[in-house]
Amino acid sequence: MKLEYDLAIIGAGPAGLAAALEAEKNGVENILLLERDKYLGGILPQCIHNGFGLQYFKEELTGPEYAERFIDQLNQDSPNKVDIKTETMVIEMTPNKRIIAINRDDGLLHIQAKAVVLAMGCRERTREAIAIPGNRPAGIFTAGTAQRYINIEGYIPGREVVVLGSGDIGMIMARRMTLEGARVKTVLEIMPFSTGLIRNKVQCLDDFNIPLKFNHTVTRIEGEKRVERVTVAQVDKNLQAIPETEEEISCDTILLSVGLIPENELTREAGIKLDPVTRGPIVNENRETEIEGIFACGNVLHVHDLADFVTEEGEIVGRAVGKYLKRDRKFRHRPIKIVPGDNVAYVVPQHIDFIVPGRKKIKIFMRVKKPAERVRINLLDDKGRVLGSYKKRIVTPGEMVSVYLPEVILDDKIKNITISIKRD
Amino acid sequence: MEQNKIICVSCPIGCRMTIQSKDGKITSVIGNACPKGIKYAEEEFINPLRILPTTVKVIGGELPLVSVKTEKAIPKKLLLEAMAEIAEIEVNAPVKIGQVIKDDLMGTGVSLVATRNVKKVNSNLPIYKILK
């Protein structure tokens, strides 16, 4: 089957849903939303915990409720403008915006789009990605897989649990499994700080007296058919296990919460350049990749800690697609690069490309490498002169940091703006 | 004189606070960076409350479970007992988001409500058609 659309969106999680709705509000009429799962909402329906929407809706919702708000709008406001295809897998995207997808009803689909939004989200790092020695028994899950079993499919994946990694999903699953009657023995974090939100540490671990051990990791997994025990050890400054500190913990289940990787196979195959740190495409302030008209938002671009920020990014893209299709935009003579400096792991967007009349400021998102208190975030020009400066009480790698770049400092002479975070 | 250590979750700073108390009453809070910390310390010390999100079994639905939550926060100490009570509940499909699944959970006056829709299974159709 051959189809033509003004906009094709790949992925109907919070990013894709927001992009679809906002594109529609900005005059884009002929939109196709492609989703590989049976339902819309991406990962949200399995995130049954509360804590969503505090930023965006100013009220506290669960994941499924947050998703439903957008799905409802899509059903009510745009019965004709957005075509939705679920259980549809995109298998290829070319640089000239041809998409090949498959599903049971249509078979092979050839879609030609004028603009494409990449909203494929991310996936969890697995045991293989961190290479733990030992046997290969059953009982080793990523936290998100366990979450789907428990919350959607109705299975308890185990009874005695060790969680490796203090990412948010790991901590949330430690609570969830405890509530469902499992015993979570410990959560291990190789770094000296939590990689998740402080609220999750308090309400998921402390509330249930689940110990969180920093500077610890699993050095061995043992078990015949099923996991029987793990060996855990403290690590030194170079994250190497200290043999004298090894101890055995009996358990039948290991949950991994060891990081998320943006799912960019389609992006890579289309030849779009990725940022080695975010593992997402390099984008301008419209979240547009190096191929004009191909945009990216949400966790496929960089891993967010709040769905609310994913929605915000989806909306940026929705508006940008509207302008792109109307050719209502003006490029700068040359782009200004935003460069990560001291203690900044990455920045998004990575460059500023457009002159936008009336724009006052541009929000820049970043993640720090190490936690620090009482810091100053400085915006520096090519010669190291301070163009802008913000105070911040605390920064941690677990919480995304944002600053505004005032439009007035964007001078045509500037090639790079470096963002540096140092103690005040 | 008693001492309790708690971490404030009002914002990302996560102040480590020490609460001193006598006969169940707070006498001082140390370590908070702002007034929100005092309020949080008081709530957490006197009667910590939590929203309880979990799932309930669905009969005849396109999915085996529906996600639910307590409409308001309930006392933290009741969470595990509430889970035992919720484990006994079954609900017939279809389930609508916001539908009350159980009134007055454990005498708290708080209802348990569905947080998603679950359609009824029409057994004549293959499952992938129903979910459309």
Side-chain angles (χ1 to χ4, degrees), chain A residues 37-39 41 44-52 60-69 71-72 84-87 103-105 150-155 172 175-176 178-181 194 197-204 206-208 305 371 373-374 392-396 398-401, chain B residues 4-17 33-34 40 44 48-58 61-73 76-77 79-84 86-87 95-98 113-119 126-132:
Chain A
D37 211 333
K38 291 170 189 163
Y39 43 74
L44 288 167
Q46 75 178 53
C47 300
I48 64 166
H49 53 278
N50 49 302
F52 295 85
E60 191 168 15
L61 303 170
T62 64
E65 291 172 311
Y66 187 84
E68 204 63 35
R69 297 258 169 129
I71 295 167
D72 260 7
I84 299 169
K85 284 189 182 294
T86 54
E87 287 185 279
N103 71 28
R104 255 188 266 219
D105 294 333
I150 298 178
N151 295 343
I152 303 282
E153 299 181 17
Y155 299 103
I172 284 161
R175 170 176 65 183
R176 185 75 188 115
T178 306
L179 286 172
E180 290 292 350
S194 171
L197 302 174
I198 189 95
R199 193 173 78 151
N200 285 332
K201 198 247 169 207
V202 171
Q203 297 193 350
C204 298
D206 298 356
D207 270 9
F208 300 96
D305 27 59
E373 288 193 38
R374 293 195 169 77
K392 189 110 171 101
R393 176 69 169 70
I394 191 167
V395 288
T396 78
E399 316 218 4
M400 213 156 66
V401 180
Chain B
N4 287 70
K5 287 188 186 295
I6 63 168
I7 301 169
C8 181
V9 301
S10 306
C11 84
I13 295 173
C15 291
R16 281 162 174 75
M17 305 187 295
C34 77
Y40 178 78
E44 275 297 288
L49 299 172
R50 299 284 184 269
I51 286 174
L52 176 60
T54 181
T55 53
V56 163
K57 193 173 172 186
V58 178
E62 60 172 30
L63 292 170
L65 303 170
V66 60
S67 52
V68 297
K69 68 172 184 184
T70 54
E71 208 174 10
K72 288 180 196 143
K76 188 171 97 175
K77 59 179 186 283
L79 291 178
L80 288 172
E81 280 175 66
M83 284 298 291
I86 294 165
V95 186
K96 285 292 282 178
I97 188 169
V113 297
T115 57
R116 67 168 296 163
N117 298 316
V118 179
K119 286 182 202 158
I127 189 89
Y128 76 92
K129 294 267 187 193
I130 298 160
L131 294 169
K132 290 252 146 144

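Residue numbers start from 1 in every chain, and the chains themselves are labelled A, B, ... in the order their sequence lines are given, proteins ahead of strands.
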Counting only heavy atoms closer than 4.5 Å, note whether A:Glu60 contacts chain B via side chain, backbone, both or neither. both
For B:Leu52, is it the side chain, the backbone, both or neither that has a heavy atom under 4.5 Å from a heavy atom of chain A? side chain
Please name all residues satisfying ring pair (Phe, Tyr, Trp, His ring centres under 6.0 Å) with A:Phe52, sequence neighbours left out, ordered by chain then number. A:His49
Do A:Glu65 and A:Thr62 have a side chain donor and acceptor closer than 3.5 Å? yes
Would you please name every residue forming a side chain to side chain contact (heavy atoms under 4.5 Å, CB included) with A:Glu180, sequence neighbours left out? A:Ile150, A:Ile156, A:Arg176, B:Thr54, B:Thr55, B:Met83
Heavy-atom distances under 4.5 Å only: say whether A:Arg199 touches chain B with side chain, backbone, both or neither. both
Residue among A:Asp207, A:Val202, A:Val395, A:Asn151 with most heavy-atom pairs under 4.5 Å to chain B: A:Asp207
Measuring from atom NZ of B:Lys76 to atom CD of A:Gln203, what distance do you get when rounded to the nearest 0.5 angstrom? 8.5 Å
Can you tell which part of B:Ile97 gets under 4.5 Å to a heavy atom of chain A, answering side chain, backbone, both or neither? side chain
Heavy-atom proximity to chain B below 4.5 Å, by part of A:Asn200: neither
To the nearest 0.5 Å, atom CZ of B:Arg116 lies from atom OG of B:Ser67 at 6.0 Å
